[in-house]
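This report refers to the structure that appears directly beneath it.
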Amino acid sequence: MDELSDLYNDLIMEHSMNSCNKKELKCYDCCKMGHNPNCGDEIKLELKMDGDVIEDLAFVGHGCAISQASTSIMIDTLRGKAIYEAKKIIETFIGMIKREITDEAELEKLEDAIAFRNISHMPARVKCALLAWHTIEDMLDERERKVDGE
Amino acid sequence: MNSSDIKKDFPILQNRKESYLDSAATTQKPKQVIDAIDEYYKNFNANPHRGAYSLSIEATQKYEETREKIAKFINAKHTEEIIFSKNATESLNLIAYSYGMENLKVDDEVVLSIMEHHSNLVPWQKVSKVTGCKLNYMYLNDNFEISDEEIEAKITDRTKIVGITHISNVLGTINDVKKIIKYAHKKGAIVVIDATQSIQHMKIDVQDLDADFIVFSGHKILAALGIGVLYGKKEILNKMTPFLMGGDMIEYVYEQNTTYAPLPNKFEAGTQNVEGVISLGAAIDYIETIGYDNIQRIEKEIVDYAMQELSKLDYLTLYVTPNRAHHSSVISFNIKGVHPHDVASILDANGVCVRSGNHCAQPLMRYLGIDSTCRASFYIYNTKEDVDNLVNALNKAYEMFKKYM
């Protein structure tokens with residue numbers, strides 16, 4: 001129960017219940033749906049680029065507190081980052097959840113997203129925390145392939 | 001006899017401290033079932049229907065005796081009307097492929113209820129895509145039940161198959177399948193009953209129901225995982241072609257052609273799950289020793305208590321028919337404003353096992369206008385203490401979220 005209280009802390013609860021990132025962008029370059037069929041979590045992520053920099057991100061959707069907060073905190077973390085920085089952060093986050101990355105200095109780069117580190121002990125919730133991160137990972141990969149193709 | 005006495009028969013409920021409220025997903029197993037599997041492997045294991053030696057013959061006898069036991073249990077007219085499968089899903093796929101694909105045509109209609117589990121829905125979508133037949137749904141009234149008007153509006157002269165769950169795995173609604181079968185037969189349709197959520201709770205008499213097909217999974221009625229049953233009327237099964245091809249379902253095999261074995265072997269290709277069949281036999285013995293009268297009395301007491309206590313929590317939404325006589329032992333609920341997955345995690349941390357999600361019933365969820373629910377499901381080994389644990393854990397979950405709402 002203690003571990004759970006740690007997880008459902010003020011930061012995560014505020015982001016899940018009252019996120020200012022939960023909205024539609026006026027204009028964006030691409031959007032993508034992320035879906036966990038087993039639990040029904042569903043998000044639509046919108047991405048606006050300024051050259052190679054993530055100018056803005058926003059999301060709409062529904063799901064558990066973990067999936068919604070993880071999406072919102074991810075947006076705060078990645079906004080304003082260059083693609084190469086963002087990709088490194090995404091990799092670190094996924095590595096943290098899978099318990100492959102435990103180095104504190106490395107994890108510090110995740111900023112608020114480090115709040116999800118205990119999820120790695122809760123296998124039933126890993127998918128919830130990773131939904132948005134896998135979705136943005138796919139979006140950036142797709143964008144890269146498109147740019148390479150041009 | 002009460003649930004505390006029964007609980008003593010279930011080793012896992014002695015070994016673990018959790019309140020297990022997910023019996024609609026799978027029931028726990030009594031010692032008698034676990035021992036029967038142990039005894040089978042220690043004394044009788046061989047490949048049935050294959051060997052000319054005594055051990056194989058004894059394994060065959062155990063396997064076939066259980067078929068007879070199941071036939072008697074559901075009052076089938078003929079033992080060969082009982083076909084063993086992997087689970088209810090495989091039984092339903094068998095019906096969809098071997099009956100549906102062969103008999104349905106464009107303009108024919110398949111009618112399902114909107115409360116079907118995906119296993120009695122997705123196979124019929126496939127049949128519909130291949131044959132061109134139409135798929136229609138019976139919807140629910142405000143009490144989460146299917147009205148007579150709805151039955152009569154949807155089952156028409158063009159309906160060839162009606163698929164209906166006896167008890168909803170989400171709402172716990174008990175459908176009046178006898179009435180539906182009678183009406184469907186009047187219209188010339190056959191009926192597929194999914195008894196996966198009912199056979200552990202109430203007596204099923206296939207002749208009294210006049211059911212064409214009935215399916216269920218062993219693991220939801222105290223038996224091992226991986227064993228299921230298909231009951232079908234002999235005259236219908238005889239006209240159907242096999243579903244899976246291979247060993248033991250044949251008569252003569254030539255280079256280019258094969259003739260098939262008679263029922264029931266025609267539908268049992270390959271070495272079967274004898275362990276599972278034996279466990280199902282032991283589970284039925286256990287159910288019969290307790291008796292359905294006792295099962296219903298014990299369940300009624302615990303579900304009445306759960307409904308009484310849960311109804312007091314004004315932060316909960318319950319998805320249950322107010323007609324208690326039409327409600328089984330599944331209670332779906334949500335804490336208003338909190339996602340069920342979060343609730344289930346907090347209940348888990350407080351030692352209460354419930355299911356959360358769409359319960360393999362996405363069309364029903366969409367129809368109800370929700371994404372998912374928490375579901376507590378009760379069986380004969382659940383006690384009032386389990387209900388109290390659920391209520392206490394729900395209060396904690398609500399407290400955790402309340403300040404952020």
Side-chain angles (χ1 to χ4, degrees), chain A residues 1-22 33-44 59-73 97 112 115-132 134, chain B residues 17-19 22 25 117-118 121-122 170 315 319 332 334-375 389 392-405:
Chain A
M1 189 64 192
D2 288 348
E3 198 168 55
L4 207 71
S5 305
D6 278 355
L7 182 62
Y8 287 97
N9 58 31
D10 284 346
L11 176 78
I12 287 180
M13 294 294 248
E14 284 298 340
H15 271 279
S16 81
M17 310 291 267
N18 306 303
S19 173
C20 54
N21 295 322
K22 196 166 187 171
M33 298 293 296
H35 186 210
N36 278 336
N38 284 334
C39 49
D41 291 349
E42 198 172 73
I43 54 161
K44 185 177 135 202
F59 81 106
V60 288
H62 52 80
C64 64
I66 305 301
S67 73
Q68 302 299 291
S70 180
T71 307
S72 179
I73 291 174
I97 300 293
D112 281 351
F116 291 97
R117 68 187 305 174
N118 281 339
I119 286 275
S120 60
H121 305 297
M122 306 172 68
R125 309 308 300 271
V126 162
K127 269 186 169 179
C128 316
L130 287 179
L131 176 63
H134 281 312
Chain B
K17 297 219 174 352
E18 289 101 330
S19 286
D22 199 17
H117 187 281
H118 293 161
L121 194 156
V122 182
V170 178
Y315 57 79
Y319 304 94
S332 270
N334 275 326
I335 294 184
K336 290 164 192 159
V338 184
H339 196 275
H341 207 171
D342 296 311
V343 176
S345 277
I346 296 166
L347 297 192
D348 176 41
N350 285 282
V352 178
C353 310
V354 299
R355 172 104 183 252
S356 67
N358 58 51
H359 315 292
C360 299
Q362 288 183 22
L364 174 63
M365 291 290 143
R366 220 165 278 124
Y367 178 73
L368 296 174
I370 51 181
D371 304 315
S372 49
T373 69
C374 286
R375 180 190 72 183
N389 290 343
N392 289 337
L394 281 170
N395 283 332
K396 283 187 192 169
Y398 177 63
E399 284 306 316
M400 275 176 78
F401 275 82
K402 192 172 69 173
K403 57 184 170 191
Y404 301 99
M405 285 182 191

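Numbers restart at 1 for each chain; the letters A, B, ... are given by sequence-line order, proteins then strands.
Listed options A/Ala124, A/Ser67, A/Gly63 were ranked by heavy-atom pairs under 4.5 angstrom with chain B; first place goes to A/Gly63. Looking only at heavy-atom pairs under 4.5 Å with chain B, the residue among A/His62, A/Met17, A/Arg125 that has the most is A/Arg125.
Put simply, OH on B/Tyr404 and CE on A/Met13 are 5.5 Å apart, with the number rounded to the nearest 0.5 Å. Between atom CG of residue A/Asn18 and atom CE of residue B/Met405 there is a gap of 11.0 Å, rounded to the nearest 0.5 Å. In this structure, A/Ile66 CD1 and B/Ser345 OG are separated by 7.0 Å, a value rounded to the nearest 0.5 Å.
Nearest heavy atoms, A/Cys64 versus B/His341: CB-CB, 3.8 Å.
Between A/Tyr8 and B/Asp342, the side chains place a donor N or O and an acceptor N or O closer than 3.5 Å (distance only, hydrogens not considered).
Here the side chains of A/Glu42 and B/Asp371 are not in contact, with every heavy-atom distance at 4.5 Å or above.
For A/Asp10, the parts sitting under 4.5 Å from any heavy atom of chain B are the backbone and the side chain alike.
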